Amino acid sequence: MSAPPGSRAEVLVDRQGPVLTVTFNRPAQRNAMTWAMYDGLYEACERADADDDIRVLVLRGAGDDAFVSGTDIRQFAEFTSGDDGVAYERRITRVLDRLEDVNVPTVAAIRGYCVGAGLAIAAVCDLRLATPDAKFGIPVARTLGNCLSMPTYALLVHHLGPARTLDLLLNAKFYSGQEAHAAGFVAESTTDLDEAVQQTVDRLLGHAPLTMWATKEAVRRLRRGEVAGDDIVSRVYGSHDFRAAVQAFTSKQTRTWTGR
């Protein structure tokens, strides 16, 4: 297990075969994000895309209290103007975009608080699994009195719709894991989170990498207002995996995915 340079083990990055796991590692602070942790997450995304043998990226929080409880509030004490807020939100958007752009499926394993920036981090993952008593929210209307960036508002509306987004933010409320599952935000609500994550990872490892990439890429483009996709179709239909799978299917043979 290793930590990105400068992160002081606040972000742990562990590779087990084709699975790269990122653990936010400040349990005493409910895994509140420092600047170094944001950098560590960005670097982990770079690592996932640089290694063709990595097939799944899993994000989780250390301990039982939180996935991520937001940005460490003490860092906001450095702000002196609105420009600092703009720079901060742009910095967060850069990390969120990088996580959303990761080529392989991303899975957020959530127990405890998933708040503020933690909710945004979970939202750009492809699949979210959570315990029933997990807590999702961005209660800044009654805590810090700050706001979100337009990309983050768009992200929440994309997943929750305008009505639920307004309910969550204006009422500064928390949704439980069960409520988030009912809203479609959480793919699975389970009391055995580790087992559910393992089953999901195993399932993903058995699926065609390029098909999953195409799905991720198409959804990402649509969310950002892009509709062109012939390059996606061309890459997948022109792949070795597609040709080999057609041959294997017609000859009733076992196919092996290569991601090429």
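The structure displayed is predicted, hence computed values, not measured ones. Along the sequence shown, residues carry numbers from 1.
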Novice: Could you check whether any side-chain heavy atom of Y88 comes within less than 4.5 Å of a side-chain heavy atom of Q75, counting everything from C-beta outward?
Specialist: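 When only atoms from C-beta onward are counted, Q75 and Y88 do not touch, as no gap falls below 4.5 Å.
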
Novice: Is there a path of hydrophobic side-chain contacts, each under 4.5 Å between heavy atoms of I/L/V/M/F/W/Y residues, joining L205 to L57?
Specialist: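 No, because L57 and L205 fall into different hydrophobic clusters, even though each may have its own neighbours under 4.5 Å.
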
Novice: Q178: which residues meet the side-chain hydrogen bond (donor to acceptor under 3.5 Å, both in side chains) condition with it, sequence neighbours left out?
Specialist: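 With sequence neighbours excluded, Q178 shows a side-chain hydrogen bond (donor to acceptor under 3.5 Å, both in side chains) to no residue whatsoever.
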
Novice: Check whether D53 reaches the backbone of P18 with its side chain - one donor and one acceptor, N or O, closer than 3.5 Å.
Specialist: no

Novice: For Q247, does the CD atom sit with more than 12 other heavy atoms under 6.0 Å from it, leaving out its own atoms?
Specialist: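 Atom CD in Q247 is not packed in, count stays at 12 or less.
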
Novice: Let me confirm one number: the CD1-CG distance from I138 to N146, rounded to the nearest 0.5 Å.
Specialist: 9.5 Å

Novice: Please name the pair of heavy atoms, one in A44 and one in V22, separated by the smallest distance, quoted to 0.1 Å.
Specialist: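 Scanning both residues, the minimum pair turns out to be CB-CG2, 3.6 Å.
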
Novice: Restricting to salt bridge (Lys or Arg N to Asp or Glu O under 4.0 Å), what partner residues turn up for D231, sequence neighbours left out?
Specialist: R221

Novice: Please examine the side chains of L41 and V11, heavy atoms only from C-beta on, and report whether any two atoms are closer than 4.5 Å.
Specialist: no

Novice: Just jot down the side-chain hydrogen bond (donor to acceptor under 3.5 Å, both in side chains) partners of T80, sequence neighbours excluded, or say none.
Specialist: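 Partners of T80 by the side-chain hydrogen bond (donor to acceptor under 3.5 Å, both in side chains) criterion, ordered by chain and then number, come out as D84.
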
Novice: Quick test of your reading: applying salt bridge (Lys or Arg N to Asp or Glu O under 4.0 Å), list the pairs with at least one residue in residues 144-153, sequence neighbours left out, ordered by first then second residue.
Specialist: none

Novice: Which residues satisfy the side-chain hydrogen bond (donor to acceptor under 3.5 Å, both in side chains) test with T106, sequence neighbours excluded?
Specialist: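 Result, side-chain hydrogen bond (donor to acceptor under 3.5 Å, both in side chains) vs T106: D126.
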
Novice: To the closest 0.5 Å, what do you measure between CZ (F67) and SG (C125)?
Specialist: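 The CZ atom of F67 sits 5.5 Å away from the SG atom of C125.
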
Novice: With a 4.5 Å limit on heavy-atom distance, are the side chains of V68 and M37 in contact?
Specialist: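 SC-SC contact between V68 and M37 ruled out.
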
Novice: According to salt bridge (Lys or Arg N to Asp or Glu O under 4.0 Å), does anything in residues 131-160 pair up with another residue at least two apart or in another chain? List the pairs.
Specialist: none

Novice: State, to 0.1 Å, how close C114 and G118 come at their nearest heavy-atom pair, and which atoms those are.
Specialist: SG-O, 3.4 Å

Novice: I'd like to know if the side chain of S69 and the backbone of R30 have a donor-acceptor N/O pair within less than 3.5 Å.
Specialist: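 Side chain of S69 to backbone of R30, a donor-acceptor pair under 3.5 Å: yes, one is there.
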
Novice: Please list all pairs meeting salt bridge (Lys or Arg N to Asp or Glu O under 4.0 Å) that have one or both residues in residues 67-82, counting only residues at least two apart or in different chains.
Specialist: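 Every pair satisfying salt bridge (Lys or Arg N to Asp or Glu O under 4.0 Å) with a residue in residues 67-82: R26-D72, D72-R74.
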
Novice: Do the side chains of F242 and L210 get nearer than 4.5 Å, heavy atoms only?
Specialist: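 When only atoms from C-beta onward are counted, F242 and L210 do not touch, as no gap falls below 4.5 Å.
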
Novice: Assess the residue pair W213 and I232 against the criterion (side-chain contact (heavy atoms from CB on, under 4.5 Å)); give the C-alpha distance rounded to whole Å, side-chain angles, the decisive distance to 0.1 Å, and a yes or no.
Specialist: CA-CA 9 Å; W213 165 80; I232 298 174; 3.9 Å; yes

Novice: Only pairs under 3.5 Å count here: list side-chain donor-acceptor contacts from residues 92-99, not counting sequence neighbours, and write none if there are none.
Specialist:
residue: T93; atom: OG1; partner: E89; partner atom: O; Å: 3.0
residue: R98; atom: NE; partner: E46; partner atom: OE2; Å: 2.6
residue: R98; atom: NH1; partner: D49; partner atom: OD2; Å: 3.1
residue: R98; atom: NH2; partner: C45; partner atom: O; Å: 3.4
residue: R98; atom: NH2; partner: E46; partner atom: OE2; Å: 3.1
residue: R98; atom: NH2; partner: D49; partner atom: OD2; Å: 2.8

Novice: Do I73 and F174 share a hydrophobic cluster, counting only Ile, Leu, Val, Met, Phe, Trp and Tyr and linking them when any side-chain heavy atoms are less than 4.5 Å apart?
Specialist: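 I73 does not cluster with F174.
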
Novice: Would F79 and Y38 show up in the same hydrophobic cluster when neighbours are defined by side-chain heavy atoms closer than 4.5 Å?
Specialist: yes

Novice: Under the 3.5 angstrom rule, does the side chain of K216 hit a backbone N or O of V104 as a donor-acceptor pair?
Specialist: yes

Novice: When you look at Q198 and D202, which way does the side-chain hydrogen bond (donor to acceptor under 3.5 Å, both in side chains) test go after all the steps?
Specialist: CA-CA 6 Å; Q198 187 60 57; D202 290 344; 2.9 Å; yes

Novice: Rounded to the nearest 0.5 Å, what separates atom CG in L129 from atom CZ in R111?
Specialist: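 The distance works out to 11.0 Å.
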
Novice: Minimum heavy-atom separation for P209 to D241, with atom names?
Specialist: CD-OD2, 4.1 Å

Novice: Any side-chain heavy atom of D101 sitting closer than 4.5 Å to one from R220?
Specialist: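 With C-beta onward as the side chain, the pair touches.
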
Novice: Are R55 and W257 in a cation-pi setup, meaning NZ or CZ lies under 6.0 angstrom from the ring centre and within 45 degrees of the ring axis?
Specialist: no

Novice: Which donor-acceptor pairs under 3.5 Å do side chains of residues 152-162 form with protein atoms, sequence neighbours excluded?
Specialist:
residue: T152; atom: OG1; partner: S149; partner atom: OG; Å: 3.0
residue: Y153; atom: OH; partner: L148; partner atom: N; Å: 3.3
residue: H159; atom: NE2; partner: A123; partner atom: O; Å: 2.8

Novice: Could I get the full list of salt bridge (Lys or Arg N to Asp or Glu O under 4.0 Å) partners for E100, not counting sequence neighbours?
Specialist: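 Salt bridge (Lys or Arg N to Asp or Glu O under 4.0 Å) list for E100, sorted by chain: R223, R224.
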
Novice: Using side-chain contact (heavy atoms from CB on, under 4.5 Å) as the criterion, point out the one residue from T23, I110, V107, N25 that pairs with R60.
Specialist: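 Output: one option passes, namely T23.
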
Novice: Please identify each residue that fulfils side-chain hydrogen bond (donor to acceptor under 3.5 Å, both in side chains) with R260, with sequence neighbours left out.
Specialist: none

Novice: Would you mind reporting whether P132 and T191 have side-chain heavy atoms less than 4.5 Å apart?
Specialist: yes

Novice: To the nearest 0.5 angstrom, please state how far the CG atom of L168 sits from the CZ atom of F185.
Specialist: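 Atom-to-atom, L168:CG and F185:CZ are 9.5 Å apart.
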
Novice: Side-chain contact test, heavy atoms from C-beta onward, threshold under 4.5 Å: evaluate it for L127 versus P105 and give yes or no.
Specialist: no

Novice: Parallel, tilted or perpendicular for W35 and F76, by the 30°/60° rule?
Specialist: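 If you compare the ring of W35 with that of F76, the planes turn out perpendicular.
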
Novice: Answer with yes or no whether the hydrophobic clustering places I121 together with V102; edges join I, L, V, M, F, W, Y residues whose side-chain heavy atoms lie under 4.5 Å apart.
Specialist: yes

Novice: Does anything in residues 159-170 pair up under salt bridge (Lys or Arg N to Asp or Glu O under 4.0 Å), and if so which pairs, sequence neighbours excluded?
Specialist: D167-K173

Novice: So how far is it from Y175 OH to L119 CG, rounded to the nearest 0.5 Å?
Specialist: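 Here the interatomic distance stands at 10.5 Å.
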
Novice: For atom CG of D230, decide whether the heavy atoms of other residues, nucleotides or ligands shown that lie under 6.0 angstrom number more than 12.
Specialist: no

Novice: If hydrophobic clusters are built by linking Ile, Leu, Val, Met, Phe, Trp and Tyr wherever their side-chain heavy atoms come under 4.5 Å apart, do M212 and V124 end up in the same one?
Specialist: no

Novice: For a quick test of reading the model, state the closest non-hydrogen atom pair linking L193 to A109 and the distance between them.
Specialist: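 For L193 versus A109, the nearest heavy atoms are CD2-C, 3.9 Å.
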
Novice: For the CG atom of D51 and the CZ atom of R15, what is their distance to the nearest 0.5 Å?
Specialist: 4.0 Å

Novice: Within the structure provided, determine whether T34 and Q29 are in side-chain contact (heavy-atom separation under 4.5 Å).
Specialist: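 A side-chain contact under 4.5 Å is absent here.
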
